[in-house]
Amino acid sequence: MSLSTRINHNYTISVIDSKNSELSFRDLKGSDLEFIDFVLKGEEDGSKENELTLDQIVDILSILCVKNVDFKSLPRRTIYEIFSEIKKHILCNYIPKYDWLKQCYSIQNGSFAEVSAMEEVPMSKFIAMIQIHNAAVEAVPSPI
């Protein structure tokens with residue numbers, strides 16, 4: 001099966017098969033990170049690298065898919081191909097929840113007052129906010 005991917009303007013991507021069937025997936029949000037951390041736990045230390053189960057992959061796809069899709073009804077190969085596209089275009093922006101919270105604290109000038117609102121920000125937008133914030137902090141002249 002040959003899949004193509006289209007990046008949409010609304011923080012989603014569409015994965016399209018050769019018959020032009022399309023599934024849309026949204027960007028990660030801060031509210032997803034606790035679950036993603038749980039699923040990926042152990043990968044950073046190398047103990048579970050590349051060992052996601054089919055059920056874990058289906059869970060990730062189900063969370064990110066814009067429509068309600070029964071991924072288990074799809075052939076295993078198709079599931080892995082879709083997940084490959086999701087890894088390439090969405091999961092590449094994954095930040096562990098603890099690191100995400102540290103960045104939220106920094107962006108909000110030492111406050112967690114708006115953390116609930118920040119949990120709904122698409123991750124690619126959040127990463128851009130981090131970059132802008134860091135550049136602004138670096139541009140502040142030194143007092144000495």
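Computed from a predicted model, the values in this text were never measured in an experiment. Only heavy atoms go into these numbers, but all of them, side chains included; no hydrogens, no water, no symmetry mates.
- Here Leu54 contributes atom CG and Phe83 contributes atom CZ; the two are 10.5 Å apart, rounded to the nearest 0.5 Å.
- The side-chain heavy atoms of Val121 and Lys29, taken from C-beta on, include no pair separated by under 4.5 Å.
- Under the 4.5 Å side-chain contact rule for hydrophobic residues, Leu64 and Tyr11 do not share a cluster.
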Pair Val69-Ser62, side chain to side chain contact (heavy atoms under 4.5 Å, CB included): steps then yes or no: CA-CA 7 Å; Val69 174; Ser62 296; over 6 Å; no

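- Asn93 and Ser124 form no side-chain donor-acceptor contact under 3.5 Å, judged by distance and modelled atom types alone.
- Ile82 approaches Leu61 most closely through the heavy-atom pair CG2-CD2, 3.9 Å.
- The line from NZ of Lys67 to OG of Ser24 is 7.0 Å long, rounded to the nearest 0.5 Å.
- Inter-residue side-chain proximity for Val58 and Ile79 is flagged as met; some heavy-atom pair is nearer than 4.5 Å.
- Taking every heavy atom of both residues into account, Ser31 and Glu120 meet most closely at OG-OE2, 3.6 Å.
- Taken from CG in Leu3 to CD in Glu85, the straight-line distance is 6.0 Å, to the nearest 0.5 Å.
- Note on Ile60 and Val66: separate hydrophobic clusters, where clusters join Ile, Leu, Val, Met, Phe, Trp and Tyr whose side-chain heavy atoms are under 4.5 Å apart, directly or indirectly.
- From Leu91, atom CG reaches atom CZ of Phe25 across 10.5 Å, with rounding to the nearest 0.5 Å.
- Between the side chains of Asp17 and Ser2, no donor-acceptor pair of N or O atoms lies under 3.5 Å.
- Summarising the geometry, atom CZ belonging to Arg76 is positioned 9.0 Å from atom CD1 belonging to Ile57; distances are rounded to the nearest 0.5 Å.
- Counting non-hydrogen atoms of neighbouring residues, nucleotides and ligands closer than 6.0 angstrom, the CD atom of Glu22 exceeds 12 such neighbours.
- Side chain to side chain, Thr12 and Arg26 fail the donor-acceptor criterion of an N or O pair below 3.5 Å.
- Lys125 and Asp27 are not joined by a salt bridge, as no carboxylate oxygen comes within less than 4.0 angstrom of a charged side-chain nitrogen.
- In this structure the side chain of Ser21 never reaches within 4.5 angstrom of the side chain of Ile16, judged on heavy atoms.
- A donor-acceptor contact shorter than 3.5 Å links the side chain of Gln108 to the backbone of Glu114.
- Among residues at least two apart or in separate chains, ring-ring contact (aromatic ring centres under 6.0 Å, His included) pairs with a member in residues 96-120 are Trp100-Phe126, Tyr105-Phe112.
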Run the side-chain donor-acceptor check on residues 132-144: report pairs under 3.5 Å with partners two or more places apart or on a different chain.
| unit_1 | atom_1 | unit_2 | atom_2 | d |
| --- | --- | --- | --- | --- |
| His133 | NE2 | Ser106 | O | 3.3 |
| His133 | NE2 | Ser106 | OG | 3.1 |
| Asn134 | ND2 | Ile130 | O | 3.4 |
| Ser142 | OG | Ile144 | N | 3.4 |

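- Using a 4.0 Å cut-off between a side-chain N of Lys or Arg and a carboxylate O of Asp or Glu, Glu119 and Lys97 qualify as a salt bridge.
- Two residues are said to be in side-chain contact when any heavy atoms from C-beta on lie closer than 4.5 Å; Leu23 and Cys65 meet this criterion.
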Should Leu74 and Phe71 be marked as a side chain to side chain contact (heavy atoms under 4.5 Å, CB included) after you check the CA-CA gap, both sets of side-chain angles, and the distance that decides it? CA-CA 5 Å; Leu74 298 175; Phe71 286 100; 3.7 Å; yes

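- Note that CG of Leu28 and CD1 of Ile95 are 9.0 Å apart. Values are rounded to the nearest 0.5 Å.
- Nearest approach of Cys104 to Met118, heavy atoms of both residues: SG-CB, 3.9 Å.
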Side chain to side chain contact (heavy atoms under 4.5 Å, CB included) assessment of Arg6 paired with Ile13: CA-CA 6 Å; Arg6 181 181 67 230; Ile13 67 165; over 6 Å; no

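- Asp99 places no side-chain N or O within 3.5 Å of a backbone atom of Pro96 that could act as its donor or acceptor partner.
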